[in-house]
Amino acid sequence: MTLLQQLVKKGVLEKEKAASLEYEIKNSGKKEEEVILERRFVSEEFLFDLKSKTLNMPLKKISIEEVSLKNLELISEESARFYTMIPLGRENNTLEVGMVYPEDLKAQEAIKFLARQGKFSYRVFLITPNDFREILKKYRTLKKEVSLALEELEAEMKTEKIERKPLLAEEMERLVEEAPISKVVGVILRHAVDGEASDIHIEPTRQKLRIRFRVLGVLHSSILLPLKIHPAVLARIKILSNLKIDETRTPQDGRFSARIDEKDIDFRVSTFPTTLGEKAAIRVLDPTMGLKSFDELGLTGRCIKVLKEAIKKPYGMILTTGPTGCGKTTTLYAIIKTLNKEEVNIVTLEDPVEYYLEGVNQSEVKPEIGYDFARGLRHILRQDPNVIMVGEVRDEETAALAIHAALTGHLVLSTIHTNNAYGAVPRLIDLGVKPYLISPALSVAFAQRLVRTLCPHCKKKIEPQKEIAEMILKELDKFPETIKKEIKVPKIIYTYQAVGCKKCNQEGYIGRTGVFEALTMTKELAELILIEPSEAKIAEEAKRQGILTMKQDGILKALEGITALEEVLRVAEEK
């Protein structure tokens, strides 16, 4: 009995629909399981549990981490991909083989042949297509792939005998366009995307070329390469980014796009001369990863309340502040996503466009041809916008135009580099904005940082050391009275710590969330800006408003078990 017939028997599928699908399967050459899953009649688990009973074969639930690279070598990646079968584990001389289609006679013949060749016995288990795809990724380990590409490059360099003399620009360009060095760079880029890294750092040291990935805000050393390939790797990246390959003395900026695992990924490149050679920093921009809701961002309490009030206004300026890589642009996108309606004209000016939004007019600045934020902003105002997003207020002209737009009936969203929310006003004044224009234009200034969120499967509840508990109680005592009424301070303080398990790849953390503080424009703040707009005085006004600092917001999240206290102190401790 086919799976379709069984689904009809169970009442999941109508007879006529099943007959139509059987005809489609017969003429398309697709597998029965593929068609059922494409149409989403049942879940993958339900279908393969049914198939397991039909074939009288156990369905293996797999922990990807337990599949060793050594066992994978028993079946080549090409054979695994072609026959949809994969080695799962080995006990003595018996190999456990997972198959998506164990009824396939060709796959059965293939495993028999491989067992004879490798002189091992085997036992077959049924696995789901999703588990098969996940294990297949393990063939592509960073060190293994780079090693193979380096062997090819080594052979090429020996043939050409090019390591004995400096390369001319034309020779270097020819070398880096050829397969081996392109593979090295391609593997590094793909592993950054697979590992959900936000940045790649390619750095020369005295003995090696070090590759580091930034994952969840923390840099990890991933691989060390021979130093002699450093010029070729940098040249390849420069060619992709349309930079000058023979210019190594001054910094350069560029960008390029690549299709990786069916996704169009943007890479923003910065090269920088160091005493040991050129360093490259590459920002990885995955359009599928960035769009989040306010809840997912970590906006809670007073912060979410003042933000929702600010975006209801048809005019005014909302600023997000903080250092590079703290999620400012992601917060602006969350606001745009909320405002994105048929009757609203949203125009953005970005450097570069990080995530593409349907229904939003997004423009990318190109400073090399004179199209910068200031010039773009002047033209945006002629586009009849309701909402304007400017990637960053970084100069006097952009600041003046953004303030002017906020004063003339537009909602303006932008970012600015300051350490906290209080610094936004002095920074605008420093950029030449007249103090009397700030209060009617600025609605709210947010400061934010990103903290890693604890893995819910392995986090451990602990009683902190005495000095830590005292620090928490001292900070809780500084909370605004309105917040103190809402939270109940327990007699014994508990926090949570990272442990590490298979679900989080032994890291103890999964994903990131934000800690925020929000300064709103009030009558008192407006008066202060005209009289004495220092950061210290604005901080006093913020306290009167009942602001929670980023550190305090983080402590609340640590007490709730969302993040670890160490994470909060790492990113939000006042220096």
Side-chain angles (χ1 to χ4, degrees), residues 290-322 326-348 355 357-360 385-390 393 402 405-407 409-416 420-422 424-425 438-451 479-483 485-487 512-526 538 541-550 552-554 556-557 560 562:
L291 297 177
K292 298 191 174 185
S293 66
F294 293 148
D295 286 343
E296 289 170 318
L297 289 173
L299 280 160
T300 55
R302 178 179 176 274
C303 285
I304 189 69
K305 185 183 173 187
V306 299
L307 176 59
K308 285 182 176 176
E309 284 172 4
I311 63 177
K312 280 178 186 173
K313 293 180 183 177
Y315 59 88
M317 180 185 276
I318 298 171
L319 287 177
T320 60
T321 82
C326 70
K328 299 187 296 294
T329 306
T330 306
T331 300
L332 294 187
Y333 273 105
I335 297 170
I336 288 174
K337 191 179 169 187
T338 305
L339 296 169
N340 190 11
K341 296 182 176 68
E342 185 71 32
E343 63 274 16
V344 179
N345 180 20
I346 303 174
V347 187
T348 77
Y355 314 114
L357 279 166
E358 193 70 37
V360 176
N386 300 105
V387 179
I388 299 168
M389 176 182 138
V390 184
V393 174
L407 288 168
H410 306 93
L411 184 60
V412 179
L413 315 174
S414 193
T415 71
I416 197 166
N420 49 45
Y422 325 134
V425 171
I438 294 174
S439 54
L442 182 64
S443 295
V444 59
F446 285 92
Q448 65 182 89
R449 299 290 187 276
L450 290 174
V451 292
F479 275 35
E481 290 302 320
T482 50
I483 307 292
K485 288 174 186 174
E486 292 173 15
I487 59 170
R512 288 192 289 177
T513 191
V515 291
F516 296 85
E517 62 188 31
L519 177 73
T520 54
M521 187 54 65
T522 59
K523 186 183 174 184
E524 291 80 5
L525 180 57
I538 293 169
E541 164 57 20
K543 192 175 179 182
R544 192 202 63 76
Q545 285 184 15
I547 189 174
L548 266 186
T549 65
M550 287 181 285
Q552 291 169 337
D553 186 35
L556 282 182
K557 288 182 167 86
E560 289 172 29
I562 295 168

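Computed from a predicted structure; not experimentally measured.
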K.L.:
Below 3.5 Å, can you tabulate the donor-acceptor pairs from side chains in residues 294-309 to any protein atom, sequence neighbours excluded?
P.N.:
unit_1: Glu296; atom_1: OE1; unit_2: Ser293; atom_2: N; d: 2.8
unit_1: Glu296; atom_1: OE1; unit_2: Ser293; atom_2: OG; d: 3.3
unit_1: Arg302; atom_1: NH1; unit_2: Ala518; atom_2: O; d: 2.7
unit_1: Arg302; atom_1: NH2; unit_2: Thr520; atom_2: OG1; d: 3.4
unit_1: Arg302; atom_1: NH2; unit_2: Gln545; atom_2: OE1; d: 3.0

K.L.:
Taking all atoms of both residues into account, what is the closest heavy-atom pair of Ala402 and Val393, and its distance?
P.N.:
CB-CG2, 4.5 Å
K.L.:
Of all the heavy-atom pairs spanning Thr321 and Ala424, show the shortest one and how long it is.
P.N.:
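Between these two residues, the closest heavy atoms are CG2-CB, 4.2 Å.
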K.L.:
With sequence neighbours left out, what residues match Ser443 under side chain to side chain contact (heavy atoms under 4.5 Å, CB included)?
P.N.:
Ala310, Lys313
K.L.:
Identify, with sequence neighbours excluded, every residue that meets salt bridge (Lys or Arg N to Asp or Glu O under 4.0 Å) alongside Glu481.
P.N.:
Lys484
K.L.:
Looking at Ala447, is its backbone amide N or carbonyl O close enough to the side chain of Glu517 to form a donor-acceptor pair, meaning the two atoms are under 3.5 Å apart?
P.N.:
no
K.L.:
Nearest 0.5 angstrom please: Leu407 CG to Leu442 CG, how far?
P.N.:
10.5 Å
K.L.:
Between Lys328 (side chain) and Gly322 (backbone), is there a donor-acceptor pair under 3.5 Å?
P.N.:
yes
K.L.:
If you count every heavy atom of other residues, nucleotides or ligands that lies below 6.0 Å from Glu343 atom CD, does the total exceed 12?
P.N.:
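Check passes, neighbour count above 12.
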K.L.:
Check the pair Leu556 / Leu548 against side chain to side chain contact (heavy atoms under 4.5 Å, CB included), numbers first and verdict last.
P.N.:
CA-CA 10 Å; Leu556 282 182; Leu548 266 186; 3.8 Å; yes
K.L.:
Working to the nearest 0.5 angstrom, can you tell me the gap between Ile346 CD1 and Leu339 CG?
P.N.:
5.5 Å
K.L.:
Could you tell me which residues satisfy salt bridge (Lys or Arg N to Asp or Glu O under 4.0 Å) with Lys557, sequence neighbours excluded, listed by chain and number?
P.N.:
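Lys557: salt bridge (Lys or Arg N to Asp or Glu O under 4.0 Å) contacts with Asp553.
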K.L.:
Atom CD1 in Ile416, atom OG1 in Thr320: separation rounded to 0.5 Å?
P.N.:
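Between atom CD1 of Ile416 and atom OG1 of Thr320 there are 9.5 Å.
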K.L.:
Rounded to the nearest 0.5 Å, how far apart are CG of Leu411 and CG of Asn386?
P.N.:
9.5 Å
K.L.:
For the OH atom of Tyr422 and the CG atom of Leu519, what is their distance to the nearest 0.5 Å?
P.N.:
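Reported to 0.5 Å precision, the distance equals 8.0 Å.
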K.L.:
Kindly compute the distance separating CE (Met317) from CD1 (Ile388), expressed to the nearest 0.5 Å.
P.N.:
9.5 Å
K.L.:
Which atom pair, heavy atoms only, marks the closest approach of Ala421 to Ala445?
P.N.:
CB-O, 3.6 Å
K.L.:
Is there a side-chain contact between Pro385 and His410, using heavy atoms and a 4.5 Å cut-off?
P.N.:
yes
K.L.:
Quick check: closest heavy atoms across Ala334 and Lys292, and the distance to 0.1 Å?
P.N.:
CB-O, 3.3 Å
K.L.:
Only counting residues at least two apart or in another chain, list the ones meeting salt bridge (Lys or Arg N to Asp or Glu O under 4.0 Å) with Glu560.
P.N.:
none
K.L.:
For Thr522, which residues count as a side chain to side chain donor-acceptor pair (under 3.5 Å) partner, sequence neighbours excluded?
P.N.:
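Partners of Thr522 under the side chain to side chain donor-acceptor pair (under 3.5 Å) test: Glu541.
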K.L.:
Do Ile318 and Met389 make a side-chain contact, defined as non-hydrogen atoms from C-beta onward lying under 4.5 Å apart?
P.N.:
no
K.L.:
I need the minimum non-hydrogen distance between Val425 and Ile438, along with the two atoms involved.
P.N.:
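In this case the closest contact between Val425 and Ile438 is O-CD1, 4.1 Å.
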